[in-house]
Amino acid sequence: MKPGPFEYVRPASVEEAIAALEDGGYDAKPLAGGQSLIPAMNFRLAQPAVLVDLEDLDELRGIRAREDGGLIIGAMTLHRELERSTLVAERAPLVAEVMPWIAHPQIRNRGTVGGSLAHADPAAELPSVMQVLDAVLHVRGPDGGRTIPVDEFYLGLFTTALEPGELLTAIEIPPLPAGATCAFEEVSRRHGDFALAGVAVVVETGADGAVARARMSLLSVGDGPVLAERTMASLVGRALSAESIRDAAAITAEDLDPPSDIHASAAFRRHLAGVLTHRALDRLRA
Amino acid sequence: MHPEELLRKQAETAPDPGAAEALAPHDLSRLGRRSRRVDGHRKSTGSEIYTDDIVLPGMLHGKILRSPHPHARIVAIDTSDAEAIPGVQSVITGRDMPLAYGIIPWTRDEHALAFDKVRFVGDAVAAVAAVDEDTANEALTRIRVEYEILPPLFEPEEALEASGNPIHEAKKEGRNGNITKHVHLEFGDVDEAMAGSDVTVEGEYYFHGTTHTPIEPHCAVARRNVNGLLEVWSSTQVPHYLQRELARVLDLDVAEVRVVQPAVGGAFGGKSEPFDLEFAVALLAMRTGRPVKILYTREELFYSHRGRHPMDMSYRVGATADGRIRAVDGKLLLDGGAYASFGLVTAYYSGQLLMAPYDVETYRFDATRVYTNKPPCGPKRGHGSVQPRFGFEVSLDKLAEKLGIDPIELRRRNFMGLGRTVNEFRVQSNGFMECLDKVEHASDWKNRYGRLPRGHGLGVAGSCYISGTNYPIYPNDMPQASAQVQIERSGRVTVLHGASEIGQGSDSTMAYIACEELGVPVEYVRVVSADTDLTPVDLGAYSSRETLMVGNAVMMACRELGTKVRASVATATGVGAEQVRLANGWALAGGERMPIARAFMLAEAEHGTLGAVGHYNTPKEGVHGDYRGGTIGASPAYSFTAHVAEVEVDEHTGFVNVRKIWVAHDCGRALNPMLVEGQMEGSAYMGFAEAVMEHQRVKRGTPEGGLHDAPSLLDYRIPTSLDCPEFIPLIVEANDPEGPYGAKEAGEGPLHPSLPAIANAIFDAVGVRIDRLPFTPDRVWRALQAARADAAPESESG
C-alpha cells in the first residue's frame, strides 16, 4: 500500500501550476485534497509521474456571493467549508444537504469540491448536485480561461472535458429560481460508503401549481452523473402527484443501464434508482 | 530504595486496609470487579510493540511470490534473473523445504512454498530476501515459473463429483481425493424418532464464507544467532505449535527454535496455525545470516484467509405437539478451500457442538468437507459451529411458528439442564435459562414480539460453546497449560505463562488472578507471556481455552506461594495461618496488618527464593462418549448464550437495519466484567457483521477465476462503529467446578446467536424466511419481491 515513484511539484501560483501540468502532459496530475488520488496511488491504480500540489494556491479557495444571488466557489474549497457555510445553506441548500452524504468528516476536512468534480467518480455526489443546479465550471489552461456547463463536462468513466494542462479553478452556481425546491436521496451500504445509487433533483413550480422545469441527475448508476431527461420531461406541465411521481420513478428505472458489481446487481441498482426518485419527489410534494 | 523505605512508601500509598476487610464477606477481593487492562495504556498511546515494530540491525525484507492460477502444476521455476538483481540476498522455492506441514498431524497437506502444485490463486511459490521491499518486489517479477494449467474446481458439489485431477491425491486408492473429511454420527434411532414425531420442520440453509480481518496483518521476523538458535517473532496465536512445526520443516531440534509472540493486533482464529511467511523468514534468515522480516499486505491477508467455511446445510427437526425436540437430522457440506488446515476439527465441530443447551432425544449428522481451488478455510471465532447454529436456531423458530408456541418458551421447554447431551458431553453448569429470562425481560419481548408494526421485528436464538477442548492437537499426556510465578522481595510478582494475548485480555486476566491470590496491587504484577524460551508451554489462544486452562495454572502456582506467605505472616504475628488474608497491598492478620512486601520478605527469609509452577490438564474420564470422535469438541466446561435482536427492514430497498442486540451470556464467574462485556459486544458485532455484510468469495470463470472478489478493506465491507446496532450485554454467572473461581469462556460463544436471531427478527418484521446468508439489501429485496410476486406494484405512499 505504497505509491510508485513520482515527481512532486508545489507551484506558488495558478500560472505555475498550469505550466507544470502542461509540461507533464497526461502523466501529470493535480493534487487537491488527495482523498481519492492518494488511495488510488497507494493501490497503484494511478501512477502519475508528476504530482502538482495545489495546496498553496489560496486564490482557488473560498466561497463568494454573486450579486444575482448565486455563488462562486473556489475549486480548492474544502467540503467541510461548504458544509459549515451559512451562505451555502441560504443560496445552495442542496449543496448543504448533500455534504453529510459525502464520505466521513475526516475526508470532508481534506477533500475539495474541485477535486471531487474533476475526479469524475461515477459514485460521487457533487457532479449530480452541480448538474441539477445548472452550475458552470471555470477552467484555466495554457491558452487562457473558458467555462464549461456541467452538462458538457463529464465524458465518461473518470473522464472530463479538461485538456492536459487545464485546471478547474472555480464553480459558479446560479441563483435558485423562485419557486424551486430541491432534494437529495442516496443509499449506501455503510455510513460514508460510495452510494449504491443516489439522486439529486430540483423542481421549479409555476404559479399554476404545475411543474415548470425539472432537473434530475443520478449517481452510481452509470459512467458519471446521469441526467434523467425523460423523467424531467415527464414531470413538466403537471403538478406533482402520487401518479406523476409513480410515473417518474418508473421512467427513471426504465431508462437506466447501470453496471453490476460486487456490491449490487444492475437490476437492484435500477430498482433503487426508482425508489430514490420516488422518495426525493415525495419530499418535494409534501 | 531501601526495603524499609519502600515499605513506608507502600504503607502510605496502599489503599485503606478497611477496604479489603469490607470485602471479606465475599470470596473474592480483586476479581469480579471491572478492571482496566494491563496493556490498555500502552495500546491506546501507540507505545505497544507489535511484530512489525521490530527492526534488527542488518535486517532484510522478504516478499512472497504467489500463484496467479487457481490450479496448476509447477513445471519449472527459474530464479536466476531474480538472484542477479543487486540487493537480492536469497531466493527460495518449495524444493528448499520439501516436508509437508499442517496444524493437524493427520492432515499435513501444505508446503511452506508450493512443492509441485498450486491449489489456489495466492498459493505461495517462492520467497525473496532483499535489502528493501522495492528490491524484493522487483525480484518477484523476475522469477519465471512455468505452469501446466489444470481445470479448477470452485463449487463444493463439483469437487464431490469430480473424477480425475483431484486437488489433492487420495490417500487410499479408489477414493475421491477432494474429500478431506467425512463424519457420520448417529445417537439413537433418528428415523424412528422422526417418524414418531407429531411435527417436523425442514430447511436448506447456506452460510457464505467470511474472513477475520484483524487490523494487524500477519508479520514475522527471524534471525539465527551465532550459537545456532533460530529466533522467530511472529503475530501468531499458537507459539508452541509454530515452534514445533518450524523445527520439523526446517529439520532443527525443537530446542534450537525460539518463538516469541509480540503484541498481536487481532487474530480471531486467523493466526492459529503456521503460515508460509514464518517458514520463509526462518529459512531466508538461515541462508543469509541476517535477520529477515515479512509483513503481509492487506491483499495477502485475504488470500491466506483460514476463515469461516461456507456451508450448505439441511436440517430436519422432529418434535412433539408440545414442542419437545425428538429428533434432529443434519447434513452438511463444507467448502474447505485448498488445504486441510483445521478442517478435520471443523467437520466434527459442525455436528458435535450443536446439541446443548437443548435436551434432544436423538441426533444424526453427516458432514463432508471438500477441497476447492480457493483460499483455505479454517477456524474463525466460534469455529465450526456458527454456521450449523444458524440453520438449527432458525429451524427452532420455524418449529415454534408451526406449533404456535412462543420461540423463547419453546427453547425453555427443551432446556437440558445439567448432565449429558445426547452426544455425551458432560455439562456441569448451565445458565441458559437465566440467559433467556434476561433477554426476554430486557427486550420487553412479551409485549413486543409479534406485535411491532410491519417492518419491525424481534428474534431470539440460543447457543452453547466450549471453554477449551479436552484433547490437544497432538496426542500427549502432558499439561495443556502451565505457568510459573515468582515473588520478589520488593513486592513485585512476575507471572510467566504461555497464553497468547491477542486482544482478548489474557495477560490482564492472569495478572488479576495473581493480585487476587497474592494480595498485590496490579501495578506490582509483571506478566511475561508467549515466549517459548521464557514461558512454560501453553497450546495457544484457540477454542476459548485461556481463561479456564491458563487461569487454573496461574491460580495453582499463586496458591502455593500464597500458602507460604500466609504461614510466614502467621508465625510472625502469632495468629493461625487461616486468619491471614492477602489483599489490596496488605497482609491482614487478626487485628494486625503489614504491607504485602513485608510479608513477602518474611516468607523469603523463611522459605528461600519464592517461585512456584502450576499447570492444568483437562479431565479425561466421564466427560465425553467413547465413540470414535467423541473426544472432539468435548470441553471441561460449556458457556451458554441467548440473544434477542431487533431489526427494521426497509421493504423498498431491502436494507436490514439491526437496531439492538440484547446479549445474555453465561460465562461462569465473570473475573473481569468489563473484559467479559467487551468480548460479548465484540462477538455479537462479528456475528452481526457476518449476517448482514461480510462476504469472502472468489470470482468464477476465465481468466479471472479464483481471484478474490474484494481483497481490500474498501470492498470487503465490515460495519464501522457508525453502522452498529446498540449491544446490550447481560452477564449470567453459572459457576463451573472446572473453571478458575468458576469461570468459563466469553470470547466466542456470544457470537453464535447473532445470525439466527437477526434471521428470526427479519421474519417477525416482514414475514419472510431468508435461509441463505448474508442478508444483503439485494438478497432481502429479492426475497420480499418473490414473497409478494402476486401483490400490487410497489407503492411508496402505502
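Residue numbering restarts at 1 for every chain, and letters A, B, ... go by the order of the sequence lines.
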Using a 4.5 Å heavy-atom cutoff, which residues in residues 132-142 of chain B come close to chain A? Glu133(B)

To the nearest 0.5 Å, tell me how far Ile262(A) CD1 sits from Arg717(B) CZ. 7.0 Å

At a heavy-atom separation under 4.5 Å, does Pro777(B) approach chain A through its side chain, its backbone, both, or neither? both

Greatest number of non-hydrogen atom pairs under 4.5 angstrom with chain A, of His695(B), Arg697(B), Arg782(B), falls to Arg697(B)

Ala267(A) versus Trp781(B), closest heavy-atom pair with distance: O-CH2, 4.2 Å

Heavy-atom pair of closest approach, residues Leu722(B) and His104(A): CD1-ND1, 4.1 Å

Check whether Leu272(A) gets within reach of chain B through its side chain, its backbone, both or neither, counting any heavy atom under 4.5 Å. side chain

Heavy-atom count check: over 12 atoms from other residues, nucleotides or ligands less than 6.0 Å from Asp257(A) CG? no

So does Arg110(A) have more than 12 non-hydrogen atoms from other groups sitting under 6.0 Å from CZ? no

Please walk me through it: do Arg189(A) and Asp723(B) pass side-chain contact (heavy atoms from CB on, under 4.5 Å)? CA-CA 9 Å; Arg189(A) 199 67 189 83; Asp723(B) 308 297; over 6 Å; no

Contact residues of residues 190-204 of chain A (partner chain B; heavy-atom separation under 4.5 angstrom): Arg190(A), His191(A), Asp193(A), Phe194(A), Leu196(A)

Shortest non-hydrogen contact from Phe655(B) to Ser188(A)? CE2-O, 3.3 Å

Taking His652(B)'s backbone N and O only, do any of them form a donor-acceptor pair with His271(A)'s side chain (distance below 3.5 Å, no angle check)? yes

Looking at Val692(B), Thr720(B), Asp715(B), which makes the most heavy-atom pairs under 4.5 Å with chain A? Asp715(B)

